[in-house]
Structures are given as C-alpha cells and as structure tokens.
Amino acid sequence: MAGLRDDERAWIRGAQAGSLPDLEALFRDHWTRAYRAAYLVVHDAAAAEDIAQEAFLAAIRTLDRFDSRRPFGPWLHRIVVNRAIDWARARSFRAEVGEPALELAGEAGSGLPYSKPVLAALAEFSPEHRAVIVLRHLLEYTPREISRMLDLPRGTVNSRLRRGLDELAGRLEGGRP
Amino acid sequence: MREQDVRRALLAAAPPGEAAAQRRSWQLARAAFDEREPTPWPQRNARGLLLAAAVVGVVAAVLSPQGRAVISDVRDALATEKVVGVPEARPALFSLPAEGRLLATAPTGPWIVGADGSKRRLGDYDAASWSPRGQHVVASTRSRLVALTPRGKVRWSLARPRVHDARWSPSGFRVAYLSGANLRILAGDGGDDSRVGTALAVAPAWRPVEEHVLAYVDRDQNLTVVETDAARTLWSAAIGPGPLQLEWSADGRRLLAVTSTGGGRFTVTVDDEGGRRLQSLSFPGRFADAAFAPDDHRIALVRQRAGRSELLLVDGDVLRRQQPVFDGAGRFSDIAWSPGGRWLVLGWESADQWLFIRSADVEKIKAVSSLAKQFDPAGTGAGAFPRIEGWCCPG
C-alpha cells in the first residue's frame with residue numbers, strides 16, 4: 001500500500017502549484033476509501049462524512065508543506081482512522097445514544113454472500129479492533145504499517161487480526177442455516 | 001473464512017448516501033483550496049506596492065498648495081463628525097463592574113474579558129457564543145464549527161460549509177447552528193450532527209427552561225418552535241420577511257422576535273410559550289440589538305435614528321411602556337445584561353466606547369474607550385469595534 005504512483009506524485013505537485021484538476025484527481029482517488037474506512041469504524045454515515053471531510057481539509061491546509069515524495073494515502077488514512085476511533089469512543093460515553101444498526105446502500109444487490117453478515121459481525125468489535133481490520137482488509141496495509149499508524153505494538157495488531165478473522169468465521173458459520 | 005472473503009465483503013459495502021457525501025465533501029474541499037490557492041509574486045506583494053504608491057501620492061499631495069487645502073478640509077470634516085462619547089472614559093478595561101465574564105468578537109477573533117479586565121483571545125474565529133454555564137464557547141469560521149474552552153483549547157471541531165449563528169442549548173447537550181440555509185443540531189460533544197430544516201439567516205434561540213426546544217425562522221418566513229429531540233413542531237406563526245433577532249425571556253414564557261418592516265421601521269413581537277401573540281409594535285428607526293433582562297420580562301433595546309442612537313427599556317408584557325435609558329450621537333451597536341441583571345453593557349461604536357450602565361435609572365456609568373485598539377494589541381490594523389456576544393457566569 002505504501003508505494004507511490006507517478007500519477008499521484010504529479011497530482012500532489014500540481015495541487016501544490018494551484019491546479020484544481022490535480023486536487024480533484026487526488027480527491028477522487030482517495031475519498032471513497034477514506035469515507036468507507038471511517039464508516040466501517042464509526043457506523044454512522046454523517047460522522048464518517050465529517051471525518052473524511054476534515055481529513056481532506058487538513059490535507060489542503062498543509063498541502064504546501066507536504067513532501068510530494070511521500071505517499072498521500074497512509075498520511076490521510078492515519079488521520080481518518082484515528083479520528084474515527086476517537087469519535088466512536090466519544091459516542092460510547094454518551095448515554096442517550098445507542099449504537100445504530102449498520103446501514104448499507106445497495107448491499108443487497110452486491111451478490112456477495114459474505115457482505116452483510118461480515119459487516120454485521122464487524123459491528124460487534126470495539127472501534128479499535130474494527131480499525132485494525134479495516135486498515136488490513138479494506139486499505140491493505142501490512143501489520144507493520146498498521147502498528148505505526150495506530151501506535152500499537154506489532155504483536156497486538158497481529159493478534160487482533162488473527163482473532164478478528166477467527167471470530168468473523170465463527171460467527172458467520174454459527175449463523176448459517 | 002479467508003482474508004479475501006473479508007476484503008471482498010468490505011469492498012462491496014457502500015455506505016448510505018456515499019455519492020451525495022462525496023459531492024458535498026468535494027464542494028467544501030474545493031472552497032478550501034480556492035482560499036489557499038498560491039498567488040504569483042505581484043499579487044502577493046500587491047499590498048506593499050499599493051501602500052508605497054499611496055505614500056508617494058500623499059507626499060506629493062502634501063507638498064502642493066492644493067493638496068494642503070484638501071487635507072485641511074478633510075481634517076475639519078473629521079473633527080466635526082467625531083463622536084466624543086462619555087468624557088473621562090477609562091483608556092483601558094481594568095475590571096468589570098459586576099461578576100462574570102464578557103465574550104466579545106473583534107476582527108482579530110473572539111476574546112473573553114475576565115472580571116479583573118484580563119483579556120484572552122480564543123483564536124482565529126469569526127463569531128462565538130457562550131455555553132450555558134460559561135464552561136465552553138462555540139465559535140465558527142466560514143467552514144468550521146468549533147467548541148473551545150475559555151482558554152482557547154479546541155474540544156471538538158466540525159467542518160461544514162457557510163457556518164454561522166451557533167447557539168448552545170441551556171442543557172449543554174445540544175448546539176444549534178446554521179450551515180448556509182440549513183438549520184442543524186449536534187450533540188454538545190460534537191457528535192450526532194443532523195439537519196432540522198431550512199431556515200432564514202437569523203440566530204436560532206433555545207428555550208431556557210425546557211430541554212431542547214428551539215425557535216427559528218423557517219424558509220417560508222414562519223417563526224417556528226420545535227422540540228428537537230422528537231423532531232416535532234410545537235407551533236409556527238407567520239412573521240414576515242427580514243427577521244433580525246429571536247430571543248426567549250429567562251423564564252421561557254416570552255419569545256421576542258424583531259423584524260425589519262422597511263421604511264425606516266422595525267417591528268417587535270412577543271409571543272407566549274404556546275405561540276399566542278401577546279404584543280406587536282412597530283418602532284421608528286433602525287434596530288441594532290435587544291436583550292431580555294435575566295430576572296423579568298424587561299427588554300433592553302437599542303435602535304439608531306436620525307444620526308443618533310438610543311437605549312430603551314421596554315416592558316415585554318406591554319411594549320408601549322418604554323423608558324429611555326441613554327442616548328448619544330452616532331451608532332450604538334449592541335447590548336448585554338450582567339448575570340445578576342444590575343448592569344448593562346452598551347457598545348457605542350461611533351465613540352469607540354463600552355458603557356457599563358448601572359440599572360435603568362442610570363445610577364452610575366463607567367465608560368471604557370479605545371476598544372478597537374484594545375482588541376487589536378498587535379496593531380494588525382484589523383481594528384474595528386468589538387461586538388459584545390454575551391456577559392456570562394463567573395469563571
């Protein structure tokens with residue numbers, strides 16, 4: 001995941017020079033994954049939108065200082081996932097708000113047998129645990145990269161991934177007719 | 001189950017409203033980008049070049065006889081237009097005459113003034129208002145809503161387009177604000193942001209004694225009162241175009257609405273908590289500000305009229321009962337009551353003064369001058385008269 005494509009480097013440099021089309025290309029290339037990652041951690045569409053939005057606004061504010069030789073994605077995803085964890089933790093302290101059911105647009109038509117059960121099972125994990133799973137399986141970071149992004153020991157990341165996969169499998173198999 | 005299955009499932013999951021969310025985010029990102037777009041050298045230095053050109057022009061003008069005559073005329077005109085204000089005003093704000101803290105917004109940002117006169121700038125924000133017990137301030141820029149401690153530390157932050165008129169509920173658990181023409185509400189910790197409806201550009205007002213009852217003016221020019229948690233409209237009444245201010249009395253039994261009626265007049269209406277219209281009266285002049293007293297239904301009302309301004313005390317139950325409190329040349333801008341209701345602070349923009357007035361009988365006036373300069377200590381030149389946002393509880 002950490003590799004940097006030439007087009008991304010060109011978009012960053014273009015945006016730094018004031019090119020709106022380059023910024024748009026960068027935005028379109030990264031927004032969906034950022035939004036989905038946030039959503040899968042917080043399970044709230046409005047919050048996920050705010051989190052992804054704020055991460056991009058932070059990126060734009062610091063664009064002039066951003067080193068175009070570095071990949072943009074990890075930097076953005078680190079902000080997104082950590083903010084999503086903070087948001088989910090804060091919500092858990094609010095007594096008046098319950099955990100909403102996970103809504104999915106167009107999920108029924110996806111044709112993927114595991115989609116809905118996997119996501120429902122994911123909702124059972126803690127926000128921190130979800131973040132590890134999302135970073136690994138949606139955004140495809142290595143455990144080493146995840147441990148750096150979340151400031152966690154590598155062993156913790158590995159164990160959460162292993163336990164996550166086992167629990168997902170167990171719940172899904174247990175739930176099958 | 002294999003890793004690939006999890007990955008495929010996660011990739012297939014599109015959250016609700018993803019496309020609309022992306023469109024909204026892009027609009028905001030684009031606006032933010034437009035604001036920071038790098039400018040070429042001549043534009044970056046345009047201010048300096050213009051200043052240099054102006055200096056050259058002024059020097060040339062001063063050296064010519066015609067130029068000296070023009071400058072003399074301008075000086076005379078300025079001298080005759082200058083509003084002196086209250087004589088012997090203090091040159092600096094040394095203390096407040098009553099307990100509590102003032103929140104004021106200058107072009108340099110919002111400031112909190114302590115009872116001992118100490119001032120703290122909260123940051124680079126356009127507007128601010130107190131939380132109910134003064135433990136926080138909700139502030140905004142064009143694209144951001146922020147909750148701050150009185151020391152300026154950010155508690156939470158939310159990006160939204162065209163944010164303005166944020167107000168914290170009396171319970172502390174909700175914040176209402178306008179984002180463009182949308183009235184939105186979020187939890188006091190910054191979460192659960194949701195849209196209530198479309199609203200005209202006047203600050204919404206929370207009812208003080210009841211949790212989460214909010215008054216606003218909807219896009220059809222109706223004064224509307226909603227119970228926000230239940231998303232239920234309690235009542236709605238036509239108010240007409242040009243709403244200027246909404247405010248509840250401290251006991252929550254009166255709702256004041258001020259509208260501009262054109263022709264140099266404005267209308268004050270007072271409804272009870274159930275939506276029954278109790279009073280409506282047209283006033284000559286231009287409305288500036290109004291505030292209910294903290295302990296009864298008296299309204300301190302500031303208007304401008306024929307080059308002068310006036311502070312009136314109006315009985316909220318009988319609007320024709322009015323007591324003139326203070327008048328002066330030029331423009332009064334805003335008014336606030338001290339927490340105990342014994343003092344009023346009046347912004348006299350034309351005189352660059354704040355007047356602290358003890359009781360409606362004006363037993364005492366304490367004036368402070370040079371406000372614009374005091375709220376621009378670095379001399380950035382942004383100096384303009386600070387707006388009084390509220391006088392809140394002791395810190």
Using a 6.0 Å cut-off, check whether atom [atom1] of [X] has over 12 heavy atoms from anything other than its own residue.
X: D67(A); atom1: CG; value: yes
X: R219(B); atom1: CZ; value: no
X: R121(B); atom1: CZ; value: yes

Among the listed options S194(B), A29(B), A159(B), A21(B), the residue most often paired with chain A at heavy-atom distances under 4.5 Å: A21(B)
Leading residue by heavy atom contact count with chain A [cutoff under 4.5 Å; candidates L186(B), L158(B), D229(B)]: L158(B)
Taking all heavy atoms of [X] and all of [Y], pick out the closest pair and write down the distance.
X: D192(B); Y: W87(A); answer: N-CZ2, 4.1 Å
X: D50(A); Y: R160(B); answer: OD1-NH1, 2.8 Å
X: R28(A); Y: Q22(B); answer: NH1-NE2, 3.6 Å

salt_bridge(R30(B), E24(A)) N-O dist < 4.0 Å: no
Are any of the side-chain heavy atoms of E18(B) and Y35(A) separated by less than 4.5 Å? yes
Region of R144(B) that comes under 4.5 Å of a non-hydrogen atom in chain A: side chain
Bottom line for S157(B): the part with an atom under 4.5 Å from chain A's heavy atoms is both
Using a cut-off of under 4.5 Å on heavy-atom pairs, state which of I133(A), L57(A), I51(A) scores highest against chain B. L57(A)
The test is side-chain contact (heavy atoms from CB on, under 4.5 Å); show your working for F56(A) and S25(B) and say whether it passes. CA-CA 8 Å; F56(A) 272 98; S25(B) 291; over 6 Å; no
